[in-house]
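Taking it in order: structure first as C-alpha coordinates, then the write-up.
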Amino acid sequence: MSAPAESPQAAAPERRDKTRYLYLAVIVAAVAGIAVGFIAPDLGVALKPLGTAFVALIKMMISPIIFCTIVLGIGSVAKAAKVGRVGGLALGYFLVMSTVALAIGLIVGNIVDPGQGLQLTDSAREAAAAEAAKGGESDTVTFLLGIIPATLVSAFTEGSVLQTLLVALLAGFALQAMGSRAKPILNGIEHIQRLVFRILAMIMWAAPVGAFGAMAAVVGATGVDALTSLGVIMLSFYATCLLFVFLVLGPMLRLVARVNILSLFGYLRREFLLILSTSSSESALPRLIAKMEHLGVSRPVVGITVPTGYSFNLDGTAIYLTMATLFVASATGAPLSFGEQVSLLVFMMIASKGAAGVTGAGLATLASGLQSHRPELVDGVGLIVGIDRFMSEARALTNFAGNAVATVLIGSWTGEFDRERAQEVLSGRDPFDETTLLDDEHENVSEEKVPEPVR
(Lines give C-alpha, C1' and ligand atoms only; values in the text may rest on other atoms or scores of the structure.)
Protein backbone atom coordinates (compact mmCIF):
# COMPACT_ATOMS: atom_id res chain seq x y z
CA MET A 1 0.00 0.00 0.00
CA SER A 2 2.99 2.28 0.53
CA ALA A 3 4.14 2.29 -3.10
CA PRO A 4 1.15 4.18 -4.54
CA ALA A 5 1.46 6.84 -1.82
CA GLU A 6 5.10 7.48 -2.69
CA SER A 7 4.59 7.68 -6.42
CA PRO A 8 3.33 11.29 -6.54
CA GLN A 9 6.26 12.41 -4.40
CA ALA A 10 8.69 10.65 -6.68
CA ALA A 11 7.07 12.17 -9.74
CA ALA A 12 7.67 15.79 -8.68
CA PRO A 13 11.49 15.66 -8.76
CA GLU A 14 11.29 13.95 -12.14
CA ARG A 15 9.26 16.84 -13.55
CA ARG A 16 11.75 19.32 -12.18
CA ASP A 17 14.58 17.36 -13.79
CA LYS A 18 12.88 17.80 -17.15
CA THR A 19 12.91 21.57 -16.73
CA ARG A 20 16.62 21.41 -15.96
CA TYR A 21 17.08 19.79 -19.36
CA LEU A 22 14.99 22.59 -20.85
CA TYR A 23 17.28 25.34 -19.59
CA LEU A 24 20.35 23.35 -20.55
CA ALA A 25 18.83 23.28 -24.03
CA VAL A 26 18.47 27.08 -23.88
CA ILE A 27 22.22 27.43 -23.26
CA VAL A 28 23.07 25.04 -26.09
CA ALA A 29 20.65 26.81 -28.43
CA ALA A 30 22.09 30.24 -27.60
CA VAL A 31 25.64 29.02 -28.33
CA ALA A 32 24.45 27.41 -31.56
CA GLY A 33 22.76 30.67 -32.53
CA ILE A 34 26.01 32.60 -32.00
CA ALA A 35 27.85 30.07 -34.17
CA VAL A 36 25.28 30.34 -36.96
CA GLY A 37 25.44 34.13 -36.80
CA PHE A 38 29.21 34.10 -37.32
CA ILE A 39 29.32 31.33 -39.95
CA ALA A 40 26.25 32.33 -41.98
CA PRO A 41 25.28 35.93 -41.14
CA ASP A 42 22.47 36.12 -43.70
CA LEU A 43 20.91 32.93 -42.35
CA GLY A 44 21.25 34.24 -38.82
CA VAL A 45 19.39 37.44 -39.66
CA ALA A 46 16.69 35.39 -41.39
CA LEU A 47 16.13 33.45 -38.14
CA LYS A 48 15.16 36.60 -36.21
CA PRO A 49 11.39 35.79 -36.35
CA LEU A 50 12.01 32.76 -34.11
CA GLY A 51 13.20 34.96 -31.26
CA THR A 52 10.53 37.57 -31.94
CA ALA A 53 7.78 34.94 -31.86
CA PHE A 54 8.91 33.51 -28.53
CA VAL A 55 9.03 36.94 -26.86
CA ALA A 56 5.59 37.68 -28.32
CA LEU A 57 4.21 34.49 -26.74
CA ILE A 58 5.55 35.53 -23.35
CA LYS A 59 4.16 39.06 -23.69
CA MET A 60 0.79 37.54 -24.55
CA MET A 61 0.62 36.14 -21.01
CA ILE A 62 1.77 39.23 -19.10
CA SER A 63 -1.53 41.13 -18.92
CA PRO A 64 -3.64 38.23 -17.59
CA ILE A 65 -0.95 37.26 -15.08
CA ILE A 66 -0.62 40.81 -13.76
CA PHE A 67 -4.40 41.19 -13.58
CA CYS A 68 -4.95 37.94 -11.67
CA THR A 69 -2.04 38.55 -9.29
CA ILE A 70 -3.00 42.10 -8.37
CA VAL A 71 -6.74 41.41 -8.08
CA LEU A 72 -6.13 38.42 -5.82
CA GLY A 73 -3.60 40.36 -3.77
CA ILE A 74 -5.68 43.49 -3.21
CA GLY A 75 -9.11 41.88 -3.21
CA SER A 76 -8.06 39.49 -0.46
CA VAL A 77 -6.69 42.15 1.90
CA ALA A 78 -9.10 43.47 4.49
CA LYS A 79 -7.71 47.01 4.72
CA ALA A 80 -7.11 49.28 1.74
CA ALA A 81 -4.56 51.28 3.77
CA LYS A 82 -2.22 48.30 3.64
CA VAL A 83 -2.18 48.40 -0.16
CA GLY A 84 -1.61 52.15 -0.17
CA ARG A 85 1.30 51.81 2.25
CA VAL A 86 2.99 49.20 0.07
CA GLY A 87 2.47 51.21 -3.13
CA GLY A 88 3.70 54.47 -1.61
CA LEU A 89 6.78 52.83 -0.13
CA ALA A 90 7.54 51.12 -3.44
CA LEU A 91 7.29 54.33 -5.49
CA GLY A 92 9.47 56.20 -3.00
CA TYR A 93 12.10 53.46 -3.14
CA PHE A 94 12.00 53.39 -6.95
CA LEU A 95 12.60 57.14 -7.11
CA VAL A 96 15.60 56.94 -4.77
CA MET A 97 17.17 53.99 -6.63
CA SER A 98 16.70 55.63 -10.03
CA THR A 99 18.45 58.72 -8.71
CA VAL A 100 21.34 56.64 -7.33
CA ALA A 101 21.65 54.79 -10.66
CA LEU A 102 21.74 58.09 -12.55
CA ALA A 103 24.42 59.44 -10.21
CA ILE A 104 26.62 56.36 -10.63
CA GLY A 105 26.23 56.50 -14.41
CA LEU A 106 27.17 60.17 -14.46
CA ILE A 107 30.28 59.61 -12.36
CA VAL A 108 31.57 56.65 -14.39
CA GLY A 109 30.60 58.21 -17.73
CA ASN A 110 32.41 61.45 -17.02
CA ILE A 111 35.51 59.62 -15.79
CA VAL A 112 35.76 57.10 -18.64
CA ASP A 113 34.64 59.44 -21.47
CA PRO A 114 34.05 56.46 -23.81
CA GLY A 115 33.09 58.45 -26.94
CA GLN A 116 36.39 60.25 -27.35
CA GLY A 117 38.07 59.72 -30.71
CA LEU A 118 35.11 58.22 -32.61
CA GLN A 119 33.76 59.66 -35.86
CA LEU A 120 30.31 59.58 -37.45
CA THR A 121 29.56 57.90 -40.76
CA ASP A 122 26.64 58.44 -43.15
CA SER A 123 25.15 55.07 -42.22
CA ALA A 124 25.34 55.98 -38.54
CA ARG A 125 23.46 59.23 -39.20
CA GLU A 126 20.72 57.35 -41.08
CA ALA A 127 20.34 54.80 -38.28
CA ALA A 128 20.10 57.59 -35.71
CA ALA A 129 17.36 59.35 -37.66
CA ALA A 130 15.35 56.12 -37.77
CA GLU A 131 15.62 55.66 -34.00
CA ALA A 132 14.62 59.27 -33.34
CA ALA A 133 11.50 58.73 -35.43
CA LYS A 134 10.59 55.68 -33.32
CA GLY A 135 10.77 57.69 -30.12
CA GLY A 136 8.15 60.23 -31.16
CA GLU A 137 6.93 62.98 -28.87
CA SER A 138 6.74 62.22 -25.18
CA ASP A 139 5.95 64.31 -22.14
CA THR A 140 4.57 63.83 -18.65
CA VAL A 141 0.96 64.63 -19.59
CA THR A 142 0.99 62.21 -22.52
CA PHE A 143 2.47 59.53 -20.29
CA LEU A 144 -0.18 59.97 -17.59
CA LEU A 145 -3.07 60.02 -20.05
CA GLY A 146 -1.67 56.91 -21.70
CA ILE A 147 -2.21 54.96 -18.47
CA ILE A 148 -5.99 55.16 -18.98
CA PRO A 149 -7.21 52.49 -21.45
CA ALA A 150 -9.84 53.24 -24.09
CA THR A 151 -12.09 50.52 -22.65
CA LEU A 152 -11.99 48.15 -19.71
CA VAL A 153 -10.78 45.30 -21.89
CA SER A 154 -8.45 47.23 -24.23
CA ALA A 155 -5.79 47.19 -21.50
CA PHE A 156 -5.46 43.46 -22.18
CA THR A 157 -5.60 43.67 -25.97
CA GLU A 158 -3.05 46.50 -26.25
CA GLY A 159 -0.55 44.81 -23.95
CA SER A 160 0.14 47.90 -21.83
CA VAL A 161 1.52 47.01 -18.40
CA LEU A 162 0.43 50.29 -16.82
CA GLN A 163 -3.09 50.11 -18.26
CA THR A 164 -3.46 46.54 -17.00
CA LEU A 165 -2.16 47.68 -13.63
CA LEU A 166 -4.81 50.42 -13.42
CA VAL A 167 -7.68 48.09 -14.33
CA ALA A 168 -6.44 45.46 -11.88
CA LEU A 169 -6.18 48.02 -9.06
CA LEU A 170 -9.74 49.22 -9.70
CA ALA A 171 -11.04 45.64 -9.81
CA GLY A 172 -9.12 44.68 -6.68
CA PHE A 173 -10.42 47.59 -4.62
CA ALA A 174 -13.96 46.98 -5.93
CA LEU A 175 -13.82 43.33 -4.82
CA GLN A 176 -12.34 44.43 -1.52
CA ALA A 177 -15.34 46.71 -0.93
CA MET A 178 -17.75 43.86 -1.72
CA GLY A 179 -16.61 41.91 1.36
CA SER A 180 -17.76 38.30 1.59
CA ARG A 181 -19.75 38.56 -1.64
CA ALA A 182 -16.45 38.80 -3.53
CA LYS A 183 -15.29 35.32 -2.46
CA PRO A 184 -16.79 33.42 -5.43
CA ILE A 185 -15.25 35.91 -7.86
CA LEU A 186 -11.85 35.69 -6.17
CA ASN A 187 -12.03 31.90 -6.23
CA GLY A 188 -12.81 32.01 -9.95
CA ILE A 189 -9.91 34.39 -10.66
CA GLU A 190 -7.60 32.09 -8.71
CA HIS A 191 -8.53 29.19 -10.97
CA ILE A 192 -7.95 31.41 -14.02
CA GLN A 193 -4.53 32.27 -12.60
CA ARG A 194 -3.66 28.60 -12.39
CA LEU A 195 -4.73 28.13 -16.00
CA VAL A 196 -2.64 31.10 -17.15
CA PHE A 197 0.48 29.86 -15.37
CA ARG A 198 -0.03 26.40 -16.82
CA ILE A 199 -0.13 27.90 -20.32
CA LEU A 200 3.04 29.85 -19.52
CA ALA A 201 4.78 26.65 -18.43
CA MET A 202 3.88 25.13 -21.81
CA ILE A 203 5.20 28.16 -23.70
CA MET A 204 8.53 27.90 -21.87
CA TRP A 205 9.32 24.72 -23.77
CA ALA A 206 9.78 26.93 -26.85
CA ALA A 207 12.57 28.88 -25.08
CA PRO A 208 15.45 27.04 -26.86
CA VAL A 209 13.99 27.89 -30.27
CA GLY A 210 13.55 31.52 -29.27
CA ALA A 211 17.07 31.78 -27.87
CA PHE A 212 18.55 30.22 -31.01
CA GLY A 213 16.77 32.65 -33.32
CA ALA A 214 17.47 35.73 -31.22
CA MET A 215 21.20 35.08 -30.83
CA ALA A 216 21.70 34.06 -34.47
CA ALA A 217 20.00 37.26 -35.63
CA VAL A 218 21.95 39.69 -33.48
CA VAL A 219 25.34 38.13 -34.22
CA GLY A 220 24.52 37.86 -37.91
CA ALA A 221 23.52 41.53 -38.06
CA THR A 222 26.41 43.03 -36.10
CA GLY A 223 29.27 40.56 -36.43
CA VAL A 224 32.38 41.15 -34.37
CA ASP A 225 33.33 44.57 -35.75
CA ALA A 226 30.82 46.50 -33.66
CA LEU A 227 31.97 44.74 -30.51
CA THR A 228 35.64 45.50 -31.05
CA SER A 229 35.28 49.12 -32.18
CA LEU A 230 32.85 50.07 -29.40
CA GLY A 231 34.14 47.78 -26.68
CA VAL A 232 34.91 50.62 -24.31
CA ILE A 233 31.32 51.82 -23.99
CA MET A 234 30.05 48.26 -23.65
CA LEU A 235 32.56 47.24 -20.98
CA SER A 236 32.06 50.50 -19.11
CA PHE A 237 28.31 50.05 -19.12
CA TYR A 238 28.49 46.42 -17.94
CA ALA A 239 30.99 47.37 -15.22
CA THR A 240 28.75 50.20 -14.02
CA CYS A 241 25.74 47.88 -13.84
CA LEU A 242 27.75 45.38 -11.80
CA LEU A 243 28.96 48.19 -9.55
CA PHE A 244 25.38 49.28 -8.89
CA VAL A 245 24.08 45.76 -8.27
CA PHE A 246 26.82 44.54 -5.94
CA LEU A 247 27.79 47.76 -4.16
CA VAL A 248 24.32 49.29 -3.80
CA LEU A 249 21.63 46.61 -4.07
CA GLY A 250 23.67 43.82 -2.46
CA PRO A 251 24.48 45.60 0.83
CA MET A 252 20.90 46.90 1.11
CA LEU A 253 19.50 43.39 0.68
CA ARG A 254 21.87 42.01 3.32
CA LEU A 255 21.23 44.85 5.77
CA VAL A 256 17.43 44.96 5.48
CA ALA A 257 16.38 41.40 4.66
CA ARG A 258 19.50 39.47 5.76
CA VAL A 259 19.57 37.77 2.35
CA ASN A 260 22.74 37.22 0.32
CA ILE A 261 22.31 38.68 -3.16
CA LEU A 262 24.26 35.83 -4.75
CA SER A 263 21.86 33.33 -3.17
CA LEU A 264 18.91 35.30 -4.53
CA PHE A 265 20.46 35.42 -7.99
CA GLY A 266 21.15 31.69 -7.82
CA TYR A 267 17.46 31.14 -7.08
CA LEU A 268 16.60 33.31 -10.12
CA ARG A 269 19.29 31.89 -12.40
CA ARG A 270 16.84 30.50 -14.93
CA GLU A 271 15.13 33.86 -15.24
CA PHE A 272 18.49 35.57 -15.81
CA LEU A 273 19.30 33.03 -18.51
CA LEU A 274 15.93 33.63 -20.16
CA ILE A 275 16.52 37.41 -20.17
CA LEU A 276 20.06 36.96 -21.50
CA SER A 277 18.80 34.91 -24.45
CA THR A 278 15.81 37.14 -25.30
CA SER A 279 17.20 40.56 -24.27
CA SER A 280 13.85 41.37 -22.65
CA SER A 281 13.13 41.48 -18.93
CA GLU A 282 9.42 41.14 -19.73
CA SER A 283 10.05 37.53 -20.69
CA ALA A 284 10.79 36.76 -17.02
CA LEU A 285 8.11 38.95 -15.41
CA PRO A 286 5.51 36.19 -14.91
CA ARG A 287 8.10 33.85 -13.41
CA LEU A 288 9.39 36.59 -11.10
CA ILE A 289 5.89 37.04 -9.68
CA ALA A 290 5.55 33.33 -9.02
CA LYS A 291 9.04 32.94 -7.57
CA MET A 292 8.80 35.92 -5.25
CA GLU A 293 5.60 34.50 -3.74
CA HIS A 294 7.30 31.13 -3.34
CA LEU A 295 10.29 32.84 -1.71
CA GLY A 296 8.15 34.17 1.12
CA VAL A 297 6.97 37.62 0.03
CA SER A 298 3.22 38.05 0.52
CA ARG A 299 0.97 38.10 -2.50
CA PRO A 300 -0.20 41.75 -2.06
CA VAL A 301 3.40 43.00 -1.92
CA VAL A 302 4.42 40.95 -4.96
CA GLY A 303 1.30 41.92 -6.88
CA ILE A 304 1.93 45.64 -6.37
CA THR A 305 5.74 45.88 -6.36
CA VAL A 306 6.69 43.73 -9.34
CA PRO A 307 4.36 45.14 -12.03
CA THR A 308 4.89 48.71 -10.79
CA GLY A 309 8.65 48.19 -10.70
CA TYR A 310 8.67 47.08 -14.32
CA SER A 311 7.51 50.56 -15.28
CA PHE A 312 9.11 52.74 -12.60
CA ASN A 313 12.15 50.88 -11.25
CA LEU A 314 14.45 51.21 -14.25
CA ASP A 315 17.92 51.02 -12.74
CA GLY A 316 19.58 49.53 -15.80
CA THR A 317 17.81 51.93 -18.14
CA ALA A 318 18.87 54.89 -15.98
CA ILE A 319 22.52 53.85 -16.19
CA TYR A 320 22.24 53.21 -19.94
CA LEU A 321 20.66 56.58 -20.72
CA THR A 322 23.29 58.33 -18.64
CA MET A 323 26.33 56.70 -20.19
CA ALA A 324 24.92 56.63 -23.73
CA THR A 325 24.14 60.36 -23.56
CA LEU A 326 27.67 61.19 -22.42
CA PHE A 327 29.07 58.83 -25.06
CA VAL A 328 27.12 60.49 -27.88
CA ALA A 329 27.99 64.01 -26.70
CA SER A 330 31.70 63.17 -26.52
CA ALA A 331 31.75 61.33 -29.86
CA THR A 332 30.13 64.26 -31.67
CA GLY A 333 32.49 66.78 -30.12
CA ALA A 334 29.72 68.59 -28.22
CA PRO A 335 30.13 67.67 -24.54
CA LEU A 336 27.30 68.56 -22.17
CA SER A 337 27.62 70.72 -19.09
CA PHE A 338 26.64 69.14 -15.79
CA GLY A 339 23.34 71.06 -15.73
CA GLU A 340 22.51 69.93 -19.28
CA GLN A 341 23.30 66.33 -18.35
CA VAL A 342 20.94 66.35 -15.37
CA SER A 343 18.01 68.07 -17.13
CA LEU A 344 18.25 65.87 -20.21
CA LEU A 345 18.44 62.65 -18.17
CA VAL A 346 15.46 63.62 -16.00
CA PHE A 347 13.43 64.07 -19.18
CA MET A 348 14.58 60.72 -20.53
CA MET A 349 13.66 58.94 -17.32
CA ILE A 350 10.12 60.32 -17.57
CA ALA A 351 9.89 59.39 -21.25
CA SER A 352 11.07 55.84 -20.60
CA LYS A 353 8.37 54.95 -18.06
CA GLY A 354 6.30 52.02 -19.19
CA ALA A 355 8.89 50.89 -21.74
CA ALA A 356 10.95 48.66 -19.45
CA GLY A 357 11.47 45.17 -20.81
CA VAL A 358 10.79 46.16 -24.43
CA THR A 359 13.81 45.38 -26.60
CA GLY A 360 15.16 48.57 -28.21
CA ALA A 361 13.00 50.96 -26.17
CA GLY A 362 16.06 52.43 -24.46
CA LEU A 363 17.63 53.35 -27.80
CA ALA A 364 14.43 55.00 -29.04
CA THR A 365 14.13 56.94 -25.76
CA LEU A 366 17.73 58.11 -26.08
CA ALA A 367 17.20 59.29 -29.65
CA SER A 368 13.90 61.06 -28.95
CA GLY A 369 15.34 62.75 -25.84
CA LEU A 370 18.31 64.12 -27.75
CA GLN A 371 16.00 65.19 -30.58
CA SER A 372 13.88 67.29 -28.23
CA HIS A 373 16.75 68.81 -26.19
CA ARG A 374 19.90 68.79 -28.35
CA PRO A 375 18.95 67.93 -31.98
CA GLU A 376 22.55 68.31 -33.12
CA LEU A 377 23.50 65.24 -31.04
CA VAL A 378 20.95 62.83 -32.54
CA ASP A 379 23.31 61.70 -35.31
CA GLY A 380 25.61 60.29 -32.64
CA VAL A 381 23.02 57.68 -31.66
CA GLY A 382 23.93 55.85 -34.85
CA LEU A 383 27.30 54.98 -33.33
CA ILE A 384 25.73 52.59 -30.81
CA VAL A 385 22.88 51.14 -32.89
CA GLY A 386 25.02 48.15 -33.82
CA ILE A 387 25.75 47.15 -30.23
CA ASP A 388 22.53 48.28 -28.59
CA ARG A 389 21.23 44.71 -28.65
CA PHE A 390 24.11 43.64 -26.37
CA MET A 391 23.66 46.66 -24.12
CA SER A 392 19.95 45.91 -24.01
CA GLU A 393 20.79 42.62 -22.32
CA ALA A 394 22.63 44.41 -19.53
CA ARG A 395 19.76 46.89 -19.17
CA ALA A 396 17.23 44.09 -18.89
CA LEU A 397 19.34 42.05 -16.45
CA THR A 398 19.93 45.07 -14.20
CA ASN A 399 16.26 46.11 -14.28
CA PHE A 400 15.24 42.57 -13.38
CA ALA A 401 17.77 42.34 -10.55
CA GLY A 402 16.61 45.68 -9.20
CA ASN A 403 12.98 44.60 -9.17
CA ALA A 404 13.75 41.27 -7.51
CA VAL A 405 15.70 43.01 -4.74
CA ALA A 406 13.03 45.71 -4.42
CA THR A 407 10.31 43.10 -3.86
CA VAL A 408 12.21 41.49 -0.99
CA LEU A 409 13.07 44.88 0.54
CA ILE A 410 9.48 46.18 0.37
CA GLY A 411 8.27 42.90 1.86
CA SER A 412 10.77 43.26 4.72
CA TRP A 413 9.89 46.88 5.45
CA THR A 414 6.17 46.11 5.55
CA GLY A 415 6.53 42.91 7.61
CA GLU A 416 5.31 40.80 4.66
CA PHE A 417 8.46 38.73 4.13
CA ASP A 418 8.89 35.29 5.69
CA ARG A 419 12.65 34.98 6.29
CA GLU A 420 12.45 31.38 7.52
CA ARG A 421 10.62 30.39 4.37
CA ALA A 422 13.21 32.26 2.29
CA GLN A 423 16.03 30.35 3.97
CA GLU A 424 14.34 27.06 3.14
CA VAL A 425 13.85 28.10 -0.48
CA LEU A 426 17.32 29.56 -1.05
CA SER A 427 18.96 26.53 0.54
CA GLY A 428 17.15 24.26 -1.90
CA ARG A 429 15.10 22.45 0.74
CA ASP A 430 11.85 23.89 -0.66
CA PRO A 431 12.32 23.93 -4.46
CA PHE A 432 10.14 25.93 -6.81
CA ASP A 433 7.63 23.87 -8.80
CA GLU A 434 8.63 24.45 -12.41
CA THR A 435 5.68 22.41 -13.69
CA THR A 436 2.83 24.60 -12.45
CA LEU A 437 4.75 27.79 -11.47
CA LEU A 438 2.43 27.93 -8.45
CA ASP A 439 2.48 26.70 -4.86
CA ASP A 440 -0.22 24.16 -4.12
CA GLU A 441 1.16 23.04 -0.79
CA HIS A 442 2.27 26.46 0.50
CA GLU A 443 -0.22 29.26 -0.05
CA ASN A 444 1.87 32.30 0.86
CA VAL A 445 -0.94 34.46 2.18
CA SER A 446 -1.73 36.50 5.24
CA GLU A 447 -4.46 35.86 7.76
CA GLU A 448 -6.52 38.54 6.08
CA LYS A 449 -6.96 36.42 2.99
CA VAL A 450 -10.16 34.61 2.10
CA PRO A 451 -10.20 30.82 2.63
CA GLU A 452 -8.92 28.54 -0.08
CA PRO A 453 -11.62 27.29 -2.46
CA VAL A 454 -12.78 23.73 -1.94
CA ARG A 455 -11.00 21.33 -4.26
To check you understand the geometry: which heavy-atom pair defines the closest contact between [X] and [Y], and what is its length?
X	Y	answer
S98	D315	N-OD1, 4.0 Å
A318	A101	CB-CB, 3.9 Å
P431	G428	CD-O, 3.8 Å
T322	G105	CG2-C, 3.2 Å
I275	A396	CG2-CB, 3.5 Å
L262	N260	N-OD1, 2.7 Å

If you round to the nearest 0.5 Å, how far is [atom2] of [Y] from [atom1] of [X]?
X	Y	atom1	atom2	result
L426	R419	CG	CZ	12.5 Å
I107	T240	CD1	OG1	10.0 Å
Y267	L295	OH	CG	5.5 Å
R421	R429	CZ	CZ	12.5 Å
Q193	R299	CD	CZ	5.0 Å
C241	E393	SG	CD	12.0 Å

Could you work out, with ring pair (Phe, Tyr, Trp, His ring centres under 6.0 Å) as the rule, every residue matching Y93, not counting sequence neighbours? W413
Determine whether [X] and [Y] make a side-chain contact, defined as any pair of heavy atoms from C-beta on separated by less than 4.5 Å.
X	Y	value
P208	V28	no
F432	E293	no
F417	V301	no
E416	V302	no
Q163	V167	no

Derivation of the side-chain contact (heavy atoms from CB on, under 4.5 Å) call for V245 and F265: CA-CA 11 Å; V245 169; F265 288 173; 3.6 Å; yes
If you apply the rule side-chain contact (heavy atoms from CB on, under 4.5 Å), what do you find for Y320 with T398, and how did you get there? CA-CA 10 Å; Y320 167 82; T398 306; over 6 Å; no
Is there a side-chain contact (heavy atoms from CB on, under 4.5 Å) between V248 and M97 once you walk through the steps? CA-CA 9 Å; V248 177; M97 284 297 102; 4.2 Å; yes
Determine whether R395 and L314 satisfy the following criterion, side-chain contact (heavy atoms from CB on, under 4.5 Å), listing intermediate values before the conclusion. CA-CA 8 Å; R395 287 199 303 267; L314 310 175; over 6 Å; no
When you measure from the side chain of R198 to the backbone of L195, do you find a donor-acceptor pair of N or O atoms at a distance under 3.5 Å? no
Going by atom type alone, with no hydrogens or angles, which donor-acceptor pairs under 3.5 Å involve a side-chain atom of residues 400-409 and a protein atom two or more places apart or on another chain?
{"from": "N403", "atom 1": "OD1", "to": "N313", "atom 2": "ND2", "distance (Å)": "3.1"}
{"from": "N403", "atom 1": "ND2", "to": "N399", "atom 2": "O", "distance (Å)": "3.0"}
{"from": "T407", "atom 1": "OG1", "to": "N403", "atom 2": "O", "distance (Å)": "2.8"}

